[in-house]
Amino acid sequence: MNPLSPPKNRYDVLVLGAGVTGLALARILSARGNSVCLMDDYASPGGNHISWTLEGMSFDVGAIFFWSDNPLFELFPGLARRCLDVRFDAQRITPDGAVRAYPFDMRAEVLDRPLRYRLRVARELAAARLRPMDRRSAEGFLRRHLGPTLTRDSGILNYMQRFYGLAPGEISFAFAESRMRWVSSRASLRARLQAPLQALLRAASRRRAARGPAPRCLVRPPEGFAAFYAEAVAGLEAAGVRTVLDAGLHGARRHADGFEVTSAAGTFSAARLISTIPMLHTANLLEIPVAAPPVSRRLTTLCCRFSGQRGFTAPVLYNFHAEGAWKRLTMQSDFYGTPGAAEYFSLEVCADGAPGAPAERGEAGPGALFAEFARTARAAGLFTGDLTLLASHDTEFAYPVYDHSAAHRRDALAARLGAEGVELAGRQGLFQYIPSSALAVRLAEAGLA
Ligand SMILES: Cc1cc2nc3c(=O)[nH]c(=O)nc-3n(C[C@H](O)[C@H](O)[C@H](O)COP(=O)(O)OP(=O)(O)OC[C@H]3O[C@@H](n4cnc5c(N)ncnc54)[C@H](O)[C@@H]3O)c2cc1C
């Protein structure tokens, strides 16, 4: 053996997790001249972007959207071509059972109502602005920007409780302020006064779009996410990145030259270890005891078939109603066609902590979640006809929970892992709020800068 050749399985950087964050990190680090090994316990790349096929239709854990200006497509140029161009549209069901625009339309939802209602909302909004903001929780943030009547009637309290598994009073104010700007921007007086100006700007931007391409909405290819991200992995391997999927990670330890990671696929070492897998898993690999890890919610995805009449038109429907543990419904067949006469959709259900969820009543399980969905959806007129549950899928660590102690728990664990020299990134790897793959890539890039 040539004594100068690097030892087998020795790299400059080991990246744990081949989700969007890990793929982006591997691409950037390798382009900067590092030897990189990307490892994941999952058998397919793409992290929690997971699809599977039933009755000829591909279903997903969650949403399937990308915008064409997503930096992921700059790192992996072949991927955008595989996607389908679609028109993005989403609606929500409100507490009064109406199907309206998502997230909400301040003008339409206030101006459509009687004068007395409009005056009450105006009075409440003016009063909320005169009072000091209640900074104890996300509820204070909502009441400040929407006032009590709109906070109640929009259904946003129901939706937040479903999404985050906590009542808005238990969600941190800092989280709402930094991550729910869509509420404040749509609700502000300035925004409403600026509406005519914005209409002009939109017209100008449409004219610009006629000259140059505006970002397009895309969905993953019909065959699902696995083939899509396999192309990214093929690109990485062509650039010299080693990828180890289905790795069976056992442990990690620091040594004089960096890190050693043991797995069913062998032992790997590197000067740097970057982890994008859930923080708790990283700590477990390093045998670091964690008394109070940050908490995440499990997501149950129900794959459903439907034939009959729909009471909504958009391919995505959010649940702002008081009933039902489901939070979002995506009509896969609106994008990928209808094999046979049926339509297909997936339902995202965060049963833990959702208001009135069957699990709370001691009836856990996908059958109970589906029965509850079918009952409430029929009552609300969303579906008239045959509804069938085909399969379900559970995703642990799907949604970080931003309660009042979340930032403290996250920072304490990140500091402990950082003291070991481990670098952290990603939605669960650093317990960051990352609602889109575009942001996952930007944060991965920024973290390396
Ligand atoms: C259900 C869901 C759907 C989403 N859909 C979209 C979308 O359509 N478009 C979009 O732009 N963004 C979407 N997002 C946002 C998403 O967070 C980012 O786009 C991006 O995928 C985050 O990538 P990541 O690599 O940081 O984390 P992840 O992909 O979540 O995970 C990275 C790695 O951590 C490990 N890991 C994660 N969870 C577990 C677990 N439970 N058990 C063991 N190991 C685990 C795996 O090794 C995984 O590869 C979605 C998020 C969720 C939760």
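Both ligands and their constituent atoms are indexed starting at 1 by order of listing.
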So which heavy atom in the protein is nearest [atom], and how far is it from that ligand atom?
{"atom": "atom 34 (O) of ligand 1", "value": "I277 CA, 3.4 Å"}
{"atom": "atom 41 (N) of ligand 1", "value": "E396 O, 3.0 Å"}
{"atom": "atom 27 (O) of ligand 1", "value": "R427 CB, 4.0 Å"}
{"atom": "atom 11 (O) of ligand 1", "value": "S437 N, 2.6 Å"}
{"atom": "atom 25 (O) of ligand 1", "value": "T21 N, 3.0 Å"}
{"atom": "atom 28 (P) of ligand 1", "value": "N48 N, 4.0 Å"}

Check the surroundings of atom NE2 in H250: do more than 12 heavy atoms from other residues, nucleotides or ligands lie under 6.0 Å from it?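 Counting neighbours around NE2 of H250, more than 12 heavy atoms of other residues, nucleotides or ligands fall under 6.0 Å, so yes.
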R32 atom CZ, over 12 foreign heavy atoms within 6.0 Å: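 Counting neighbours around CZ of R32, more than 12 heavy atoms of other residues, nucleotides or ligands fall under 6.0 Å, so yes.
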Once rounded to the nearest 0.5 Å, what's the spacing between atom CZ of R92 and atom OH of Y318?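 Here the rounded value is 12.0 Å.
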Separation between CG of L430 and CG of L417, rounded to the nearest 0.5 Å: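 Rounded to the nearest 0.5 Å, the CG-CG separation comes out at 10.0 Å.
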E260 and T267: CA distance, side-chain angles, deciding distance, side chain to side chain donor-acceptor pair (under 3.5 Å) verdict: CA-CA 7 Å; E260 187 177 84; T267 300; 5.5 Å; no
Is it true that R328 and E348 have a side-chain N and a carboxylate O under 4.0 angstrom from each other?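 E348 and R328: salt-bridged.
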Mind checking whether [X] has a heavy atom under 4.0 Å from ligand 1?
{"X": "L299", "answer": "yes"}
{"X": "Q428", "answer": "no"}
{"X": "Y42", "answer": "yes"}

N/O of [X] under 3.5 Å from N/O of ligand 1, yes or no?
{"X": "A63", "answer": "yes"}
{"X": "R328", "answer": "no"}
{"X": "A398", "answer": "no"}
{"X": "D41", "answer": "no"}
{"X": "F65", "answer": "yes"}
{"X": "Y399", "answer": "no"}
{"X": "I434", "answer": "yes"}
{"X": "T395", "answer": "no"}

Within ligand 1, which atoms have a heavy atom of [X] less than 4.0 Å away?
{"X": "T276", "answer": "32 (C), 33 (C), 34 (O)"}
{"X": "I64", "answer": "8 (O)"}
{"X": "V61", "answer": "1 (C)"}
{"X": "G426", "answer": "26 (O)"}
{"X": "G62", "answer": "1 (C), 3 (C)"}
{"X": "G47", "answer": "29 (O), 48 (C), 49 (O)"}

Answer yes if the ring centres of [X] and [Y] are under 6.0 angstrom apart, and no otherwise.
{"X": "Y229", "Y": "Y42", "value": "no"}
{"X": "F76", "Y": "F228", "value": "no"}
{"X": "F397", "Y": "H281", "value": "yes"}

Of the choices [options], which has the non-hydrogen atom that lies closest to [atom]?
{"atom": "atom 35 (C) of ligand 1", "options": "P45, P278, A444, P400", "answer": "P278"}
{"atom": "atom 48 (C) of ligand 1", "options": "V20, L72, D40", "answer": "D40"}
{"atom": "atom 14 (N) of ligand 1", "options": "H49, H281, E348, M39", "answer": "H49"}

Against the six-membered ring of F431, is R410 placed for a cation-pi contact (under 6.0 Å from the centre, within 45° of the normal)?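 R410 over F431 ring: no.
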Please determine if R310 forms a cation-pi arrangement with F312, meaning its NZ or CZ atom is less than 6.0 Å from the six-membered ring centre and no more than 45° off the ring axis.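 R310 over F312 ring: yes.
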Just by distance, no angles: are the side chains of S346 and D60 close enough, under 3.5 Å, to form a donor-acceptor pair?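 Side chains of S346 and D60: no pair found under 3.5 Å.
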Examine the proximity of ligand 1 to A18 and report which part, side chain or backbone, both or neither, has a heavy atom under 4.0 Å away.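 Only the backbone of A18 comes within reach of ligand 1.
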Less than 3.5 Å apart, which donor and acceptor atoms pair up between the side chains of residues 16-26 and the rest of the protein, not counting sequence neighbours?
none

Specify whether H49 and F66 have parallel, tilted or perpendicular ring planes, treating 30° as the upper limit for parallel and 60° as the lower limit for perpendicular.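 Plane angle over 60°, so perpendicular.
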Quick one, F373 with V349, criterion side chain to side chain contact (heavy atoms under 4.5 Å, CB included). Give me CA distance, side-chain angles, the key distance, then yes/no. CA-CA 9 Å; F373 161 74; V349 189; over 6 Å; no
Could you tell me whether the side chain of R254 and the main chain of E420 form a donor-acceptor pair under 3.5 Å?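 It does hold such a pair.
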